[in-house]
Amino acid sequence: AKYTVVDQETCIACGACGASAPDIFDYNNEGFAFVHLDDNEGRVEVDEDFYDDLEDALEGCPTDSIKVASYPIVLEEV
Ligand code: F3S
């Protein structure tokens with residue numbers, strides 16, 4: 001299983017992730033990315049069909065803001 005979340009503290013709204021994986025990532029009003037599967041909560045499994053897209057997004061993010069794990073991810077609220 002794979003779960004993903006965007007760390008919006010470090011995202012610079014570059015827009016690469018949504019281009020690589022439009023079925024996973026979307027942008028809020030300020031242009032910062034979030035995982036639209038679960039409103040960026042890191043709790044909903046990514047469909048296997050999108051693993052390749054997820055990998056592309058992960059590698060393409062210039063700030064390493066995309067977190068991927070095999071378990072639900074909880075980012076600390078700052
Ligand atoms: Fe942000 Fe990285 Fe996507 S900087 S917009 S999470 S590619």
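These numbers come from the heavy atoms of this one structure, side chains and all, not from hydrogens, waters or symmetry mates. Heads up: numbering here begins at 1 and tracks the sequence. All ligand and atom numbering here is 1-based and tracks the order in the structure.
- There is a side-chain donor-acceptor pair under 3.5 Å between S65 and T10.
- Annotation: atom 2 (Fe) of ligand 1 to nearest protein heavy atom, C61 SG, 2.3 Å.
- Short contacts between ligand 1 and C14, defined as distances under 4.0 Å to a heavy atom of the residue, involve ligand atoms 4 (S), 5 (S), 7 (S).
- Near T63, with a cut-off below 4.0 Å to any heavy atom, the atoms of ligand 1 are 4 (S).
- E45 places no side-chain N or O within 3.5 Å of a backbone atom of Y3 that could act as its donor or acceptor partner.
- Closest protein heavy atom to atom 3 (Fe) of ligand 1: C17 SG, 2.3 Å.
- For atom 5 (S) of ligand 1, the closest non-hydrogen atom of the protein is G15 N, 3.3 Å.
- D38 places a side-chain N or O within 3.5 Å of a backbone atom of E41 that can act as its donor or acceptor partner.
- In this structure a side-chain-to-backbone donor-acceptor pair under 3.5 Å is missing from H36 to Y27.
- Atom CG of N28 has more than 12 neighbouring heavy atoms from other residues, nucleotides or ligands inside a 6.0 Å radius.
- Remark: minimum distance from atom 1 (Fe) of ligand 1 to any protein heavy atom is reached at C11 SG, 2.4 Å.
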